Amino acid sequence: MTSANSTSWEKELRKNICTNFGRGIRVNGENSGRTKLLYVYNEGLGSANKRTSQTLPIEWKKTSGIEILKAIEFIKPLVVEKNLTLKEATRRWKAQFIGEATKQPNKSWNDFLLIRPLNKHDANYEKDLKAYLNAASKVDQFMQTKQGLTSKTEKDWARRITRFLEEMNNNPSPNTGVELIKKLSEKYLIEIEPDERKRYINAWCEILKYGIERHSQNEKRWQPPSEAYRKELIGKSNRTKQEKLTPYIEEHDLLKLLDDLESKDSSLFLAVGLISIFGLRLSELAVLRALDDKLYVGNIKNNINTKAKKEDRRVFPMDLLARKNLGKKLIKLFESKKITLPMPVLNQIEMVKEKNKYGDVGQALRQLIERNKVWKEIIKTNPEITPYSLRHRYAHQCHKGSTIPISVKDAAAAMGHSVETHNSFYGAYTTELSLEKAFERHFKNRIEV
């Protein structure tokens, strides 16, 4: 790869080197695909000046330009000012930024952090999508580990990746993973709440780990910051653990909502009833089946991260005291197909296979619920309520709605998650009334010890 065959980016790179570092430093691409760094000593001998070269473990390509400039910025002063050999200066650069690893990155960050075009209304959507699919088929992609996301969550990840790459390709670019996360935090996260800050930082750290594990990015250089430093960057939230929890919908509010829907919108009544009475995830409406008056739920998380397909789980009704046997009624309605789920939900269920994700099923239901007049009245008294509060209500009733509560293990199994997840989300669900009932039960069964 000689200068005679230089492409426009190579010429631009050499121009930048000359502008920023003066004469004496040259770069070329080797047949191995790596970068050759050449230093010419200024001895006043013209073409007879002493020359020395070293191979840098940096791919010789357009996207490596900033990384090459950063290497020269470190190496040249050691040679010119400290009188070190180019070999020793390069060794020190490797020790600080590359480490002792001999394994070279097989791709740059830009290669495996491609983002699928999301705006279908864009005039160039089809063209951009074709280009994306072609490029993505050649390299394992980070977003392949994120299949099954809702459209909103996919956009969130696209924003995080875009900011990550912008900082990586900046001039000057960060030298280490810790420096990268620090710069990103200072640039984007100062004005947001710690909880949201945590999501961003954890996402960026996950990208760094993926680059190290899947594409041989240097572990010493790009290791994410320690847990302690992450906490320092995230800061401490003023919200209590209780305040962070999405609240459950109260029984009297759920009764009012279901009564309204049953009289005015039977399809939405069926959907909301199934979610709240059986404790379903919103998107699990796509994988329901009824058999012999029993209700079963399939798995909505069969993606790249799922090791094995899970068996369908049977779900059990947690009826409202004022609407006994409502669960049985909902199963019969669903099984008979006399009433179907809302059309927007059914449309999204039809597109699950094409999209390879279930999240938009839940999003369609969420939008329908949030338009309901009674729901809006409930929100006025408790602004923290969300459609997911319907599922949370199920967990609360499992543990607080009877003098003989359902065990955490059984409740977790019914809701389709681990005991650890159940405790994390629902372990703190309690109210003054539930505490009062707990102590009443305790006092009725006191024994002398």
Side-chain angles (χ1 to χ4, degrees), residues 148-150 153 241-242 244-251 253-255 257-258 270-291 293-303 305-321 323 325-331 334 341 345 349 352 357-359 361-363 365-366 369 384-431 434:
L149 302 177
T150 64
T153 306
K241 188 174 181 180
Q242 186 74 25
K244 292 178 187 178
L245 290 171
T246 300
Y248 54 87
I249 187 170
E250 298 283 356
E251 296 295 273
D253 284 333
L254 178 59
L255 178 61
L257 177 63
L258 290 175
L270 177 62
V272 172
L274 288 168
I275 297 295
S276 58
I277 301 302
F278 289 92
L280 307 179
R281 299 176 179 90
L282 304 187
S283 297
E284 286 181 333
L285 290 176
V287 288
L288 283 182
R289 64 181 178 89
L291 180 65
D293 295 328
K294 297 173 185 176
L295 194 63
Y296 297 87
V297 185
N299 185 23
I300 62 171
K301 296 190 176 182
N302 285 330
N303 57 38
N305 294 315
T306 307
K307 293 181 179 178
K309 185 174 181 179
K310 297 179 181 178
E311 291 184 3
D312 291 357
R313 76 177 192 275
R314 183 182 171 190
V315 288
F316 299 85
M318 184 62 67
D319 289 330
L320 289 157
L321 291 178
R323 293 289 299 270
N325 297 318
L326 178 57
K328 290 182 179 180
K329 177 179 179 178
L330 290 166
I331 292 176
F334 181 77
L341 295 171
V345 174
I349 291 174
V352 162
K357 61 182 179 182
Y358 290 91
V361 176
Q363 189 62 27
L365 178 60
R366 175 188 289 271
I369 293 172
E384 299 297 317
I385 289 285
T386 75
Y388 223 74
S389 299
L390 299 169
R391 172 170 160 88
H392 294 339
R393 169 261 169 193
Y394 184 91
H396 185 261
Q397 287 299 310
C398 280
H399 303 306
K400 306 298 182 183
S402 170
T403 57
I404 306 176
I406 293 172
S407 71
V408 169
K409 180 181 178 182
D410 290 337
M415 297 183 74
H417 52 222
S418 67
V419 170
E420 290 76 18
T421 298
H422 195 87
N423 279 328
S424 174
F425 279 95
Y426 309 117
Y429 271 178
T430 185
T431 63
S434 65

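Because the structure is predicted, anything quoted here is derived from the model rather than measured. Because only heavy atoms are used, hydrogens play no part in the values below, and waters and symmetry mates are left out as well, while side chains stay in.
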Can you name the one residue among H396, R393, R323 that meets side chain to side chain donor-acceptor pair (under 3.5 Å) with E251?
->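 Option passing the side chain to side chain donor-acceptor pair (under 3.5 Å) with E251: R393.
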When you measure from the side chain of [X] to the backbone N and O of [Y], does any donor-acceptor pair fall under 3.5 Å?
{"X": "R391", "Y": "G279", "result": "yes"}
{"X": "S283", "Y": "V361", "result": "no"}
{"X": "H399", "Y": "I406", "result": "yes"}

Please report the closest heavy-atom contact between [X] and [Y], naming both atoms and the distance.
{"X": "H392", "Y": "P247", "answer": "CD2-O, 4.2 Å"}
{"X": "F316", "Y": "F278", "answer": "C-CD2, 3.6 Å"}
{"X": "L285", "Y": "A271", "answer": "CD1-CB, 4.0 Å"}
{"X": "G327", "Y": "I277", "answer": "CA-CG2, 4.0 Å"}
{"X": "L280", "Y": "V315", "answer": "CD2-CG1, 4.0 Å"}
{"X": "V408", "Y": "V419", "answer": "CG1-CG1, 3.8 Å"}

Verdict with supporting geometry, L341 and I349, side chain to side chain contact (heavy atoms under 4.5 Å, CB included) = CA-CA 10 Å; L341 295 171; I349 291 174; 4.1 Å; yes
Separation of [Y] [atom2] from [X] [atom1] (nearest 0.5 Å):
{"X": "L320", "Y": "S276", "atom1": "CG", "atom2": "OG", "result": "7.0 Å"}
{"X": "N299", "Y": "R313", "atom1": "CG", "atom2": "CZ", "result": "9.0 Å"}
{"X": "L282", "Y": "Q363", "atom1": "CG", "atom2": "CD", "result": "9.0 Å"}
{"X": "R289", "Y": "F334", "atom1": "CZ", "atom2": "CZ", "result": "10.5 Å"}
{"X": "L255", "Y": "L321", "atom1": "CG", "atom2": "CG", "result": "10.0 Å"}
{"X": "Y248", "Y": "L390", "atom1": "OH", "atom2": "CG", "result": "14.0 Å"}

Walk me through it: do V297 and D312 pass the test side chain to side chain contact (heavy atoms under 4.5 Å, CB included)?
-> CA-CA 5 Å; V297 185; D312 291 357; over 6 Å; no
Using the side chain to side chain contact (heavy atoms under 4.5 Å, CB included) rule, take L326 and L258 through it: C-alpha gap first, then chi angles, then the decisive distance, then the call.
-> CA-CA 11 Å; L326 178 57; L258 290 175; 3.9 Å; yes
D319 and K328, any side-chain heavy atoms less than 4.5 Å apart =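 No; the side chains remain at least 4.5 Å from each other.
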What's the verdict on side chain to side chain contact (heavy atoms under 4.5 Å, CB included) for L295 and L330, showing C-alpha distance, side-chain angles and the deciding distance?
-> CA-CA 10 Å; L295 194 63; L330 290 166; over 6 Å; no
